[in-house]
Chemist: 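Take this structure first; my questions come after.
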Amino acid sequence: MTAYDLLIKDVRVVRPGTDEVPGADIAITGEKIVAVAPDIGADQAREVVDGAGHLAFPGVVDAHQHWGIYNPLAEDTATESRACAQGGVTTSLTYIRTGQYYLNRGGSYAEVFPEVLAGAAGKSYVDYAFHLAPMQSSHIDEIPDLISEHGVTSFKIFMFYGGHGLHGRSNRQNEFLMIPEGERYDLAHFEFVMRGIQRARERFPELSDAISLSLHCETAEIMTAYTELVERDGKLSGLEAYSASRPPHSEGLAVTIASYLAHETGLPTINLLHLSSAKAMEAAVLMARAFPHVDFRREVTIGHLLADVSTADGIGGKVNPPLRPREDVEALWRHLLDGQVDWVVSDHACCKEATKFGADREDVFEAKSGFGGTEYLLPGLVGEGRARGLSMRRVAELTAWNPARRFGLPTKGDIAPGYDADIALIDPDRSWVVDPADSESTQEYSPFRGLEIGSTVTATFLRGQPVYRDGKVHGLPTGRYLHRPTAR
Ligand SMILES: [Zn+2]
């Protein structure tokens, strides 16, 4: 009699919370892992997959993506979720806001969010959920309904939008953000967003652990002034110029403001997104000491860990906050190895060539911000992490366990009985060189082009079904919207 639907034989199981990587088989029934043990008989399963001694990681929970920012949401969901599957990512948490880009509309989330859900439905190869940004004061009043009706428990503030557009200077914020006449997207709004989220945490105490606020920390006034200085000076170009135009202390300052506001409003669940520099990270660590009652989480992107202003392949590497000089990359790794980083993400934002570059292809200030890279997150972190002494246990924590706990996904993030059978198999000894033509993403270029990645994803399983195998995306798009917190 067959006890299991699927048996993944002969893998080394990487789990959060333990440095042991035991050789074992993983048995799956339906969508769940039901046993992890050595030598489970192949005759007990309907289907057997040979794991070939590869590492089995919990499927990656990529906590920071941007489906639908530059391409229609339905299109990005279909294509960019394939890049997820290719990279061992089984859950995408993706940001949506009202205003220009994304759905290119304003209005209430009561109207916009069902449109978002409809746009993505039935098209994704991986499970997904949305972080939403309250852009206008009426959105703050919608927070309780977003939580209870739609399962959206994480929110975002873009601190620099007050005086800056997505790609550079702008003084037409109401038009860009499509917020009502007379409203301001400024520090006072951020304060009221925090108060609104904290009220919701008090109203739903049983969900409060899963309700949090994420902040993109950069300071518009500093960036505007430095952009002018850099352009007038004219000595720097490309990514080096872009980094200088949004200097690290603009991040550090925004981190301190966000932290004080969290203290003032009593909102303890604060996620500091994509810290890119030594100064940003130092400010974040300092704030955690200054405000020990605030439960800070610190995020770093794989882009900021793998590329610097000179190694990235041209201005395709323009992103906010910018890629930095090598010293900052090394500082991020030191903090990561010291345990001061909570999760690593891709910040995947598929921006095709036609959109990405301006009339002068070499002018970084004309280019759009953001690029894809979810397919490089896990293999890149395993490869570079191993070379730097990062344990595989920490990789599982940084890419799956920690974000799953913070963002209300109790069935995700571990390889153990009862968890969703989301699994990424990795050959830790097979390296390869990034060529964007090999990627499932529709983005034609990559700032990582030519980079050697030290490990290879060989298979990805979503709730017990293979979604990537033998170098190909597999099956139908059966990814599901995760109404959070999801039940065990
Ligand atoms: Zn982002």
Side-chain angles (χ1 to χ4, degrees), residues 60-71 73 76-77 80 83-84 87 89 91-103 116 128-135 154-161 164-168 176-177 185 212-218 220 223 242-243 246 250-251 254-255 258 270-277 280 284 297-307 312 316-324 332 341-351 355-356 367-377 399 403 406-407 441 443 446-448:
V60 173
V61 178
D62 187 350
H64 191 155
Q65 299 199 351
H66 295 270
W67 292 357
I69 178 173
Y70 293 121
N71 310 303
L73 177 63
D76 262 2
T77 304
E80 304 316 294
C84 290
V89 174
T91 300
S92 165
L93 294 170
T94 182
Y95 285 94
I96 291 281
R97 60 162 170 76
T98 51
Q100 290 179 3
Y101 300 96
Y102 299 96
L103 273 60
V116 169
Y128 57 95
F130 297 96
H131 308 288
L132 292 187
M135 303 307 291
S154 47
F155 302 91
K156 181 174 186 182
I157 288 172
F158 301 81
M159 290 185 79
F160 71 91
Y161 278 175
H164 232 66
L166 182 53
H167 314 293
F176 167 51
L177 300 175
Y185 190 75
S212 67
L213 174 67
S214 300
L215 295 106
H216 178 139
C217 298
E218 287 187 284
M223 289 166 16
Y242 198 61
S243 176
R246 302 171 79 114
S250 135
E251 283 187 277
V255 165
I270 297 290
N271 313 310
L272 301 172
L273 301 184
H274 46 43
L275 300 167
S276 75
S277 60
R297 301 294 155 89
R298 291 175 288 269
E299 174 186 285
V300 166
T301 79
I302 195 67
H304 291 107
L305 289 172
L306 295 183
K318 177 175 176 179
V319 65
N320 303 329
L323 296 181
R324 300 295 187 187
L332 295 184
V341 172
D342 293 288
W343 54 78
V344 180
V345 298
S346 68
D347 200 359
H348 189 97
C350 174
C351 187
T355 306
K356 178 81 182 182
K368 299 287 191 293
S369 305
F371 49 77
T374 193
E375 61 275 43
Y376 312 121
L377 169 55
T399 59
R406 180 59 146 200
F407 291 116
S441 169
Q443 186 181 287
S446 169
F448 305 111

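For this chain, numbers begin at 1 and follow the sequence in order. As the structure lists them, so they are numbered: ligands from 1, and atoms in each ligand from 1. Not measured: the values here are computed from a predicted model.
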Chemist: Please find out if less than 6.0 Å separates the ring center of H216 from that of Y161.
Modeler: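 Centroid separation for H216 and Y161: 6.0 Å or greater.
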
Chemist: Are there any protein N/O/S atoms under 2.8 Å from the Zn ion (ligand 1), and if so, which?
Modeler: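 Less than 2.8 Å away from the Zn ion (ligand 1) sit H64 NE2, H66 NE2, D347 OD1.
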
Chemist: Using 30° and 60° as the class boundaries, would you call the ring planes of F371 and F448 parallel, tilted or perpendicular?
Modeler: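 Taking F448 first and then F371, their aromatic rings stand perpendicular (interplane angle over 60°).
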
Chemist: Donor-acceptor pair, distance only, cut-off 3.5 Å: does the side chain of K356 make one with the backbone of K368?
Modeler: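 Yes, because the side chain of K356 sits within donor-acceptor range (under 3.5 Å) of the backbone of K368.
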
Chemist: E251: what forms a salt bridge (Lys or Arg N to Asp or Glu O under 4.0 Å) with it, not counting sequence neighbours?
Modeler: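 Once residues adjacent in sequence are excluded, the partners of E251 under the salt bridge (Lys or Arg N to Asp or Glu O under 4.0 Å) criterion are R324.
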
Chemist: Excluding sequence neighbours, so at least two apart, what forms salt bridge (Lys or Arg N to Asp or Glu O under 4.0 Å) with E299?
Modeler: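 For E299, no residue satisfies salt bridge (Lys or Arg N to Asp or Glu O under 4.0 Å) once neighbours in sequence are set aside.
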
Chemist: Could you tell me which residues satisfy ring pair (Phe, Tyr, Trp, His ring centres under 6.0 Å) with H64, sequence neighbours excluded, listed by chain and number?
Modeler: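 So H64 forms a ring pair (Phe, Tyr, Trp, His ring centres under 6.0 Å) with H66, Y95, H274.
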
